[in-house]
Structures are given as C-alpha cells and as structure tokens.
Colleague: 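One structure follows; several queries about it will come next.
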Amino acid sequence: MKKLLLSFSLLVAVSATNAQNLILENFDTLGNPAVLPAGWQTTNQSDPIGTTTWFQGGGSATLFPGFNGGQTGYIGANFNATTGTGTISNWLISPTLTLQQGDVISFYTRTTTYAATPTPANTFPDRLEMRGSANGDFTVIPSGGIDDVGDFGEVLVEVNPTLALTDYPDDWTQYTFTITGLATPTAVKIAFRYYVTDGGPLGANSNYIGIDAFSIDRPLSTDGFFAQNYKVWPNPTSSVLNFANNATSTIESIQITDLNGRTVKEVKGMVEQINISELNAGLYFVKVTSNEGTGTTKIIKK
C-alpha cells in the first residue's frame with residue numbers, strides 16, 4: 001500500500017492568492033436521501049448498522065445552517081448511523097484526485113451548539129477522522145466492519161480524538177492540510193470517517209456533525225502565476241517592455257527591481273509599455289501585483 005504523507009495545520013485559512021483550485025465541493029444540493037456528487041461514495045461500517053449514513057444537512061430549523069450554502073448547504077452525519085449502543089464507522093470518500101507535493105486540502109466542520117444547562121450539558125461528543133489513500137482508482141474501500149479501514153490506513157487528522165465533551169467545534173471551523181512526501185503527481189482518494197465509540201441513540205457519545213467547503217488548492221510559484229496570467233516582451237530588451245494581461249484580474253502595480261531588491265521603476269495600474277532605456281544593462285525582476293495575486297518574472301536589459 002502506498003503511503004500518503006500530509007502535514008497538518010489547524011485553523012489556517014487557505015489563501016486563493018497564487019493558487020489553482022482543483023476541487024471545491026460545498027454539498028449544497030444532495031437531497032434526502034443524498035444523491036452524492038460525481039465520484040463520491042459512502043459506506044457505513046458501523047456495528048450494528050443504523051438507519052442513516054451521510055445526508056443533506058440542516059433539514060430542521062433547530063439544526064445549524066451551512067457554512068456558505070444556506071440552511072441545508074452541507075453534508076451531515078449523526079448518531080443514527082448505529083442502533084442502540086454501538087460503534088459508528090461511517091465513511092465519506094472522495095473521487096480519485098491527482099495530487100502533488102504542496103497541494104493544500106481544506107474543509108470546514110462543526111457540531112451542534114453546546115448547551116451550558118442542564119448539568120451535565122445535553123450534548124454528546126463527536127469525532128471525525130480524515131484519512132488518505134495513494135492508490136487512486138485501485139483503493140480498497142472499507143467493507144469488513146468497524147475495524148476495517150481498507151487502504152485508508154493513515155490517519156491524517158482527528159477532530160476531537162479523545163471524544164471530549166466540548167472539543168469538537170460548535171462553530172464552522174476550517175482544517176487545512178498540506179501534502180508532503182509525494183515525489184510525483186499521484187492518484188489519491190481522501191476519506192472522512194465519522195468514528196465514534198459508545199455511540200448511537202442509547203450511547204454516551206455521538207450527536208450530529210456537518211462538513212462543508214471541501215477544497216483542494218495548488219499553490220503556484222510567482223513565476224508560474226506570472227506565466228499563467230501575464231506576458232512581457234521582448235526579453236531581452238534594450239528599451240521598451242510591452243505588457244499584456246491575459247487574466248481578468250485588475251492590475252494594481254507593476255514594479256521593476258534590481259538584484260539588490262531596490263525598486264528602479266514602478267507604475268500604478270495597468271500599462272501596455274514601460275521604457276527602461278535608462279537602466280544599466282543586467283538582470284532585473286518584474287513584479288505584477290493584482291487583486292488575484294502577485295507574479296514575478298525575470299527580464300534582461302541589454
């Protein structure tokens with residue numbers, strides 16, 4: 001089994017600056033019973049099997065609304081994944097995704113609002129795991145009960161691993177993961193496991209959770225961002241640099257710096273040409289700042 005390594009960072013927002021979005025799934029229109037987005041699948045390996053798996057969230061006004069999609073704009077799971085008192089092992093599995101070093105996975109999750117009264121609080125602890133498989137379409141999906149994790153043998157993160165009463169966030173909270181350890185682009189599946197021992201309607205644990213805004217972003221180098229969005233020519237040049245904006249972004253400034261980092265030319269907004277005939281011959285850096293990110297490239301002044 002291939003091993004998928006990710007570094008874990010809690011409560012760090014994913015910036016869209018200099019990044020390419022590979023997938024964004026908000027689970028806004030699943031319906032009940034849920035019709036999953038293309039390529040997604042679920043499997044309930046709880047013991048004993050309950051009456052629910054994953055479903056459209058927020059169907060009642062007493063439940064929380066989605067993070068960014070209205071009252072029902074997320075996917076949910078609850079204590080009815082098992083019956084009586086049992087162990088919940090309820091899986092939500094992504095389609096195959098081709099990921100590489102540095103890709104950033106993020107999602108939001110929460111549970112119901114904790115109640116201060118009566119004492120003890122009328123809530124029950126939840127737990128969520130995020131796991132990964134680097135076997136892509138050949139990933140073995142869990143099918144053998146509560147202890148079977150298939151090819152998802154590596155826990156990438158646990159939300160409330162100790163099943164503490166108030167450690168699962170009761171406001172939408174973002175978790176972010178950066179992939180490391182992949183030498184080449186690799187076919188990957190990501191799995192969420194709602195995993196609660198002593199759960200169910202009669203158990204001491206398990207309540208109700210939601211997942212929203214599952215996203216994977218690929219950070220671009222400033223050179224890559226520049227090449228994707230802007231064009232500068234001729235290069236080398238002895239006098240005039242021509243600029244083109246290939247994107248829909250709004251150019252805020254164009255800055256030229258020397259090898260010592262000193263700004264030798266700067267213009268505000270978009271221009272089609274900059275005359276650099278007065279600069280000494282040598283290597284310079286052109287930095288374009290826009291509302292969608294910053295890109296840098298090298299030019300040679302003859």
Side-chain angles (χ1 to χ4, degrees), residues 1-6 8 25 27 30 32-34 36-37 39-57 63 74-96 105 107 109-112 123-170 175 177 188-212 214:
M1 180 174 65
K2 298 178 183 176
K3 191 172 185 180
L4 176 66
L5 300 178
L6 295 103
F8 167 58
E25 183 53 65
F27 304 107
L30 302 178
N32 280 311
L36 295 172
W40 288 81
Q41 60 185 305
T42 63
T43 180
N44 187 359
Q45 297 299 311
S46 303
D47 184 22
I49 292 288
T51 59
T52 66
T53 177
W54 293 83
F55 47 79
Q56 185 83 63
L63 299 175
Y74 61 97
I75 194 167
N78 69 7
F79 57 89
N80 283 321
T82 189
T83 60
T85 300
T87 295
I88 297 174
S89 183
N90 189 13
W91 296 78
L92 171 67
I93 302 169
S94 79
T96 297
I105 305 173
F107 68 96
T109 189
R110 64 163 291 178
T111 186
T112 54
T123 55
F124 303 87
D126 284 310
R127 174 168 56 199
L128 180 69
E129 297 176 344
M130 181 176 174
R131 291 173 172 259
S133 164
N135 291 325
D137 289 339
F138 301 99
T139 294
V140 176
I141 304 302
S143 61
I146 57 175
D147 295 323
D148 185 8
V149 297
D151 279 350
F152 297 99
E154 186 175 1
V155 178
L156 309 179
V157 67
E158 287 181 287
V159 182
N160 193 19
T162 63
L163 287 170
L165 180 60
T166 59
D167 282 2
Y168 204 108
D170 65 348
Y175 293 80
F177 313 85
V188 167
K189 283 183 180 286
I190 301 298
F192 293 100
R193 183 193 190 196
Y194 180 44
Y195 176 49
V196 188
T197 53
D198 194 13
L202 302 180
N205 303 321
S206 74
N207 194 356
Y208 175 89
I209 66 163
I211 295 174
D212 202 355
F214 173 82

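None of the values given here were measured: they were computed from a predicted structure. Values below: all heavy atoms of this structure, side chains included; hydrogens, waters and symmetry mates excluded. Counting begins at 1 with the first residue of the sequence.
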Colleague: Is the shortest heavy-atom distance from the side chain of P169 to the side chain of V159 under 4.5 Å?
Modeller: yes
Colleague: How long is the span from the CG atom in L156 to the CZ atom in R131, to the nearest 0.5 Å?
Modeller: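 Here the rounded value is 8.5 Å.
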Colleague: Working to the nearest 0.5 angstrom, can you tell me the gap between I146 CD1 and N90 CG?
Modeller: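 If we round to the nearest 0.5 Å, I146:CD1 and N90:CG are 13.5 Å apart.
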Colleague: Considering all heavy atoms of both residues, which atom of W40 and which atom of L36 are nearest to each other, and what is their separation?
Modeller: O-CD1, 3.7 Å
Colleague: Could you report the tightest heavy-atom contact between P125 and A164, atom names first, then the distance?
Modeller: CB-O, 3.6 Å
Colleague: Kindly write out the residues that satisfy side-chain hydrogen bond (donor to acceptor under 3.5 Å, both in side chains) with T139, not counting sequence neighbours, or none if the list is empty.
Modeller: S133
Colleague: Who passes side-chain hydrogen bond (donor to acceptor under 3.5 Å, both in side chains) against T52, sequence neighbours left out?
Modeller: N78
Colleague: Suppose we screen for ring-ring contact (aromatic ring centres under 6.0 Å, His included). Which residues come up paired with Y168, at least two apart in sequence or across chains?
Modeller: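 Y168 satisfies ring-ring contact (aromatic ring centres under 6.0 Å, His included) with no other residue.
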Colleague: Between T43 and Q41, does any side-chain donor sit less than 3.5 Å from a side-chain acceptor?
Modeller: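 No - no donor-acceptor pair under 3.5 Å links their side chains.
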Colleague: Measuring from I105:CD1 to M130:CE, what's the distance to the nearest 0.5 Å?
Modeller: 4.0 Å
Colleague: Do F55 and L30 touch side chain to side chain, with heavy atoms closer than 4.5 Å?
Modeller: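 A side-chain contact under 4.5 Å is absent here.
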Colleague: Without hydrogens or angle criteria, can the side chains of N207 and T112 be said to hold a donor-acceptor pair below 3.5 Å?
Modeller: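 Short answer, yes.
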Colleague: Applying side-chain contact (heavy atoms from CB on, under 4.5 Å), run through V140 and N135 and close with a yes or a no.
Modeller: CA-CA 8 Å; V140 176; N135 291 325; over 6 Å; no
Colleague: Check side-chain hydrogen bond (donor to acceptor under 3.5 Å, both in side chains) between N80 and all other residues, then give those that pass, not counting sequence neighbours.
Modeller: none
Colleague: Please answer whether the main-chain N or O of F27 pairs with a side-chain N or O of Q56 as donor and acceptor at a distance below 3.5 Å.
Modeller: yes
Colleague: Mind checking the CG-CD1 spacing from L128 to I209? Nearest 0.5 Å is all I need.
Modeller: 4.5 Å
Colleague: Does some side-chain heavy atom of V149 sit less than 4.5 Å from a side-chain heavy atom of R193?
Modeller: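 Counting from C-beta outward, R193 and V149 do come under 4.5 Å.
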Colleague: For the pair Y194 and W54, name the ring-plane relationship: parallel under 30°, tilted 30 to 60°, perpendicular over 60°.
Modeller: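 Ring orientation of Y194 relative to W54: perpendicular.
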Colleague: Is any side-chain heavy atom of T82 less than 4.5 Å from a side-chain heavy atom of T87?
Modeller: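 No, every pair of side-chain atoms sits at 4.5 Å or beyond.
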Colleague: List the atom of G210, the atom of T109, and the distance in Å for their closest heavy-atom pair.
Modeller: O-OG1, 2.7 Å
Colleague: Could you tell me which residues satisfy side-chain hydrogen bond (donor to acceptor under 3.5 Å, both in side chains) with D137, sequence neighbours excluded, listed by chain and number?
Modeller: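 Counting only residues at least two positions away or on another chain, D137 forms a side-chain hydrogen bond (donor to acceptor under 3.5 Å, both in side chains) with T96.
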Colleague: Hey, could you give me the CG/CD1 distance between D47 and I88, rounded to the nearest 0.5 Å?
Modeller: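 Going from CG on D47 over to CD1 on I88, the span is 11.5 Å.
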Colleague: side-chain hydrogen bond (donor to acceptor under 3.5 Å, both in side chains) with T111: which of D167, D126, N160?
Modeller: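 With T111 as partner, D167, D126, N160 yield a single side-chain hydrogen bond (donor to acceptor under 3.5 Å, both in side chains), made by D126.
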Colleague: For G150 and P142, work out which heavy atoms get closest and say how close.
Modeller: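 For G150 versus P142, the nearest heavy atoms are N-CG, 3.9 Å.
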Colleague: Is the F79 to Y208 ring centre distance short of 6.0 Å?
Modeller: no
Colleague: Only counting residues at least two apart or in another chain, list the ones meeting ring-ring contact (aromatic ring centres under 6.0 Å, His included) with W91.
Modeller: F152
Colleague: What closest approach, in Å, do G199 and S206 show between heavy atoms, and which atom pair accounts for it?
Modeller: CA-OG, 3.5 Å
Colleague: Can you measure from CZ (R127) to CG (N205) and round to the nearest 0.5 angstrom?
Modeller: 8.0 Å
Colleague: Write down the atom of T85, the atom of P48, and the distance for their closest heavy-atom approach.
Modeller: O-CD, 4.4 Å
